[in-house]
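Protein chains get the first letters and strands the later ones, always in sequence-line order, with residue 1 at the start of each.
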Number of protein chains: 2
Amino acid sequence: MRVLLVEDQLQLAESVAQALKGIGLTVDVLHDGVAADLALSSEEYAVAILDVGLPRMNGFEVLARLRARGKTLPVLMLTARSDVKDRVHGLNLGADDYLAKPFELTELEARVKALLRRSVLGGERQQQCGSLIYDLETRRFTLGEELLTLTSREQAVLEALIARPGRVMSKEQLAAQVFGLDEEASSDAIEIYIHRLRKKLDGQAVAIVTFRGLGYLLESRDV
Amino acid sequence: MRVLLVEDQLQLAESVAQALKGIGLTVDVLHDGVAADLALSSEEYAVAILDVGLPRMNGFEVLARLRARGKTLPVLMLTARSDVKDRVHGLNLGADDYLAKPFELTELEARVKALLRRSVLGGERQQQCGSLIYDLETRRFTLGEELLTLTSREQAVLEALIARPGRVMSKEQLAAQVFGLDEEASSDAIEIYIHRLRKKLDGQAVAIVTFRGLGYLLESRDV
DNA sequence: CTTATGTAAGGTTAGCGAAAGGTTAGCCGG
DNA sequence: CCGGCTAACCTTTCGCTAACCTTACATAAG
């Protein structure tokens, strides 16, 4: 699952990013409002965490432009002041939560988790496709009766596939979900993860279907 | 098992800490309310012991903020006065027990033990995973028919693992539980305790499973 | 002195992803 | 219709790295 963090204090950004990676998220870190605006229009995120006081374009404006584009992803605002006016302003613009600095990393983690839980599939606990079940709470997959053990890359790919049932995901989209902005996104590697996932899903009532030239799709099927 | 003690009288704090360590607990000692508030939001404790008259932020406020964050861990309040008003105030704010100074160390020990017993795992007496049984009353492990003899570090790690069945604990989390705030938390050392524990659990219907890059998990298994 | 502890050091393994060759689907000319 | 062609995809192999395991030993604690 991929999230965007926009925070201009480099050190704080780094520690927050580490914390979020610690709970299994793919994190893109940016340090100014214009870059954030760009990323939010071209990339796909499960949650955005926006500092209010950003260089080049402030967090409120980034948020306003995001909502103007009709995007509904949950946004958590960070602010130096615990100003009630700011808070109201942010919530009016469509922020979903608000956190005043300084804050505890665990509190931020908890809020991000809450936003994810609320948003991804409208608060559903579980997601199912054939005999494959994904538990959002524990972020683990169950296949038939067995718990599925996946490596972190495999997990990222399968999460991306099950997130939108019935929708074809291109290799490039998958690579973006798995690698984020930072790493060199080798979409060749995606083929390998698909292969390894297929091995693990073999013989079950679920399969990854190829759409030549388009991408992959997770689909339930008869055994 | 890890507890937080907040008491500004250094000498008293020290002797209480010693007493608690004496019954096998990992103790973090702090001396003011702000530090306590911080620690309680970022660390995980089985019990908190709060003096009422703390510098920077009093015990009542620390307690109120703790409950406002939705935390349910048991809290034992300490007060210089045996004022009934204070007592009511504390209990209204969600304190679980109350002790007036001066008190006997043995009484404090007894009350802390009682709180631990009541809270950890919702009052359950025993915790089981495969052939491994943990008795909260005596805080000892039984493996098959045999009583398991562990060093205090091994005990701390295994307690942390069995406390949340089915949940993966990272080496950092385990180190926090074992060492507390004070000591240099070398998460390398955790690998050694895991190794030594595995030796002692060898051949039994329980095992510590590694999740590469994530941590460890205690799991029952077939022999 | 004995036991517990944890650093250091080396060995082992899982996960990653590039490379390379095999396979398949769709297209096109005959 | 059919064989050939190509691009897209599948699969295997393999070297690299980081994470993990294990042993040995020095130090500290009781």
Inset, instruction - Indicate for each nucleotide in nucleotides 15-30 of chain D, in 5' to 3' sequence, whether protein heavy atoms under 4.0 Å reach the base (B), only the sugar-phosphate (S), or nothing (-). - result: ---BBSBSB-------
Legend entry - Any donor-acceptor pair under 3.5 Å from B:Arg221 side chain to B:Gln204 backbone: yes
Return no unless some side-chain N or O of [X] is found under 4.0 Å from OP1 or OP2 of [N].
X: A:Thr151; N: C:dC16; value: yes
X: B:Ser152; N: C:dT5; value: yes
X: B:Ser186; N: C:dT7; value: yes

Inset, instruction - List the steps and the verdict of salt bridge (Lys or Arg N to Asp or Glu O under 4.0 Å) for A:Asp37 and A:Arg65. - result: CA-CA 8 Å; A:Asp37 187 54; A:Arg65 288 172 53 87; 2.7 Å; yes
Interatomic distance where [atom1] belongs to [X] and [atom2] belongs to [N] [whole Å]:
X: B:Phe179; N: C:dA4; atom1: CZ; atom2: C1'; value: 13 Å
X: B:Leu150; N: C:dT3; atom1: CG; atom2: C1'; value: 15 Å
X: B:Asp188; N: C:dA8; atom1: CG; atom2: C1'; value: 10 Å

Legend entry - Of B:Ala189 and A:Val178, the one whose closest DNA chain C nucleotide lies more 5':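 That would be B:Ala189.
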Legend entry - Atom pair CD (B:Gln127) and CG (B:Leu218), whose distance is rounded to the nearest 0.5 Å: 9.5 Å
Name each donor-acceptor pair under 3.5 Å that joins a side chain in residues 166-180 of chain A to protein atoms two or more places apart or in another chain, with its distance.
unit_1   : atom_1 : unit_2   : atom_2 : d
A:Ser170 : OG     : A:Glu172 : N      : 3.4
A:Ser170 : OG     : A:Gln173 : N      : 3.0
A:Lys171 : NZ     : A:Glu191 : OE2    : 2.7
A:Gln173 : OE1    : A:Ser170 : N      : 2.9
A:Gln177 : NE2    : A:Glu44  : O      : 3.3

Inset, instruction - Could you pull out the closest heavy-atom pair between B:Leu54 and B:Asp8, with the gap in Å? - result: CD2-N, 4.0 Å
Inset, instruction - Please list, chain by chain and in numerical order, all residues satisfying side chain to side chain donor-acceptor pair (under 3.5 Å) with A:Glu7, sequence neighbours excluded. - result: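 A:Glu7: side chain to side chain donor-acceptor pair (under 3.5 Å) contacts with A:Lys101.
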